[in-house]
J.: 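This structure is in structure tokens; I'll ask about it shortly.
Remember, it's 1-based here, ligands and their atoms both numbered in the order they're listed.
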Amino acid sequence: MSTAVTSYKNLIGGEWVDAVEGETMEVLNPATGEVIAEVPRGGERDVTRAVEAAAKALPDWLEKTPKDRMELLLSLADVLEEHGEELAQLESLNVGKPMWIARDEIPFTADNLRFFAGAARNLEGKAAGEYVAGYTSFLRREPLGIVVGITPWNYPLMMAIWKLGPALAAGNVQILKPAEQTPLTTLRFLELAQEVLPPGVVNVITGDGVPVGDGLVRHPDVALVSLTGDVETGKTIARTAADTLKRVHLELGGKAPMVVLDDADPEAVAAAVKIGGYFNSGQDCTASSRILVADRIYDDVMSETVSAVESLKVGDPSEADDVEMGPVISASQQERVLGFLERAVAAKATVVTGGGTVGDRGFFVAPTIVADVTQDAEIVQREVFGPVVTVQRFSSDEEALELANGVRYGLAASVFSQNVGRALSAARKLAFGTVWINEHLFPLTPEMPHGGIKESGYGKDMSLYSMEEYTRVKHVVAKLS
Ligand code: NAD
């Protein structure tokens, strides 16, 4: 059965519009390869138009009180929840993710909006005071103005909201640029939100990274670009942004280690790998893509883990509710993942399970475990972003931490141990932005920051720390007499 193709428009200044040049691009269902929608293919003139619309909306929006901004964010959360099932189905169709994942994201995403509704009224700074005799100093924490959010394809709606929440809470106007593969839920959510959203406060342009994303980064009136995406994209954006010295916030790739110390419970580890390595088809920047296991329990962990991974039900999410893993996002991503596996095998790695495609349509890759890899192997050093986990062994906690930290990424890690002291000591030494103990991937919560170090980027999503990205501090000093 072929799916109907829906046409979407861009949101600019409260109006739904085609691209200035009238071009469009197709959006696919990765589980079947079928075209499901067409969206505008924006260009440089769309960038100019969006920045002008945002600039026009800014003065009125700047007059809103924190309470006004809170009320808007709470209304947006209500809209998201009221239409949660529709948005989850659209996300599942566009990203190929199982419905249980798409459904689980809705309350968490709404909760993020509600967290930032509260944050709008809780911005902090130093006390006002007489730091110099005869003068009172105080701080104004101000919005930046026009901010841009550029989002990836793995969690399109959630990433858009992670950027929209703090941007609006702080009093900015925003332009969103969704990934070319997955713009649908961002567009649909904002369409549903039109009745509560003032015109021009949030604008969306669909299209390619260059010229749309790049045009936004170059634009002198844009004050901040917040990207969630690939490391190379982050570096390009940081270089381009240097020309206008605009602020950049980068949430980039990862290569998260799961460090399994010799007193860990193999069954718990296997259950965590099944989720950590294969949730969202492994297309998660915090996926446990490197499992490091102590020699003493290596065989037990491997036998439990291989059977857990082989039990994953893979398929088209629209065909069965109990599908645990869908396809990867595109034909090119499928090819990329298989290319990593071919090169790993050529370098003498062993594919313990998986290793190929699944079925004869859509972009599926079997859940894969690769063993016998060296620390300098490409598959250990570079983010695959697919359902592929490597396994390495170690003989001491020190060696484990050296292997864990021995990559250019620093987004997330986990440590498994029954001994709280050993686990905490490892958590201290792991050079990553998040460390889970006896868990991997979950929980995340809006109160806590999400962000990396090293080449995983800088700045934070979620939490009050993210408000630092979206605000600037001004010192006002008054002579008292
Ligand atoms: P990508 O970098 O290819 O694309 C991300 C976005 O950047 C897209 O909207 C794209 O159009 C835009 N873009 C591309 N080139 C650009 C340019 N020159 N200027 C401006 N914008 C440009 O990433 P992707 O393939 O969509 O997403 C996968 C990547 O995202 C992975 O590396 C993953 O680890 C990362 N990711 C990171 C986090 C995190 O929180 N750190 C979360 C999710 C995904």
J.: Name the closest protein heavy atom to atom 23 (O) of ligand 1, giving the residue it belongs to and the distance to 0.1 Å.
T.: Asp230 N, 3.4 Å

J.: For atom 35 (C) of ligand 1, find the nearest protein heavy atom and state the residue, atom name and distance (0.1 Å precision).
T.: Gly229 O, 3.2 Å

J.: What protein heavy atom lies closest to atom 24 (P) of ligand 1? Include the residue and the distance to one decimal.
T.: Trp153 NE1, 3.3 Å

J.: Between Ile237 and ligand 1, which part of the residue brings a heavy atom under 4.0 Å of the ligand: side chain, backbone, both or neither?
T.: side chain

J.: For atom 40 (O) of ligand 1, what is the nearest protein heavy atom, given as residue, atom name and distance?
T.: His450 NE2, 2.8 Å

J.: To check your reading of the model: name the closest protein heavy atom to atom 34 (O) of ligand 1, its residue, and the distance in Å.
T.: Glu383 OE2, 2.6 Å

J.: Out of Thr236, Ile150, Thr233, indicate the one that has the non-hydrogen atom closest to atom 15 (N) of ligand 1.
T.: Thr233

J.: Have a look at Leu252, Val231, Asn154, Leu227 and point out the one with the heavy atom closest to atom 43 (C) of ligand 1.
T.: Asn154

J.: Measuring from non-hydrogen atoms of Pro178 to any atom of ligand 1, is the shortest distance under 4.0 Å?
T.: yes

J.: Who's the nearest protein heavy-atom neighbour of atom 42 (C) of ligand 1, and how far?
T.: Cys285 SG, 2.9 Å

J.: Does Glu15, at its CD atom, have more than 12 non-hydrogen atoms belonging to other residues, nucleotides or ligands within less than 6.0 Å?
T.: no

J.: Look at atom NZ of Lys56 and say whether more than 12 heavy atoms of other residues, nucleotides or ligands are closer to it than 6.0 Å.
T.: no

J.: To which of Gln283, Glu180, Lys255 does the heavy atom nearest atom 11 (O) of ligand 1 belong?
T.: Glu180

J.: Are there protein heavy-atom neighbours of atom 4 (O) of ligand 1 below 4.0 Å?
T.: no

J.: Measure from atom 9 (O) of ligand 1 to every heavy atom in Val148, Thr151, Val225 and give the option owning the shortest one.
T.: Thr151

J.: Test Phe189 against every option in Val204, Leu90, Leu76 by the side-chain contact (heavy atoms from CB on, under 4.5 Å) rule and name the one that passes.
T.: Leu76

J.: Of all the heavy-atom pairs spanning Pro317 and Ala31, show the shortest one and how long it is.
T.: CD-CB, 4.1 Å

J.: Considering non-hydrogen atoms of the protein only, which is the closest contact for atom 19 (N) of ligand 1, and what is the distance?
T.: Asp214 N, 3.5 Å

J.: Would Ala179 count as a contact of ligand 1 if the rule is a heavy atom under 4.0 Å away?
T.: yes

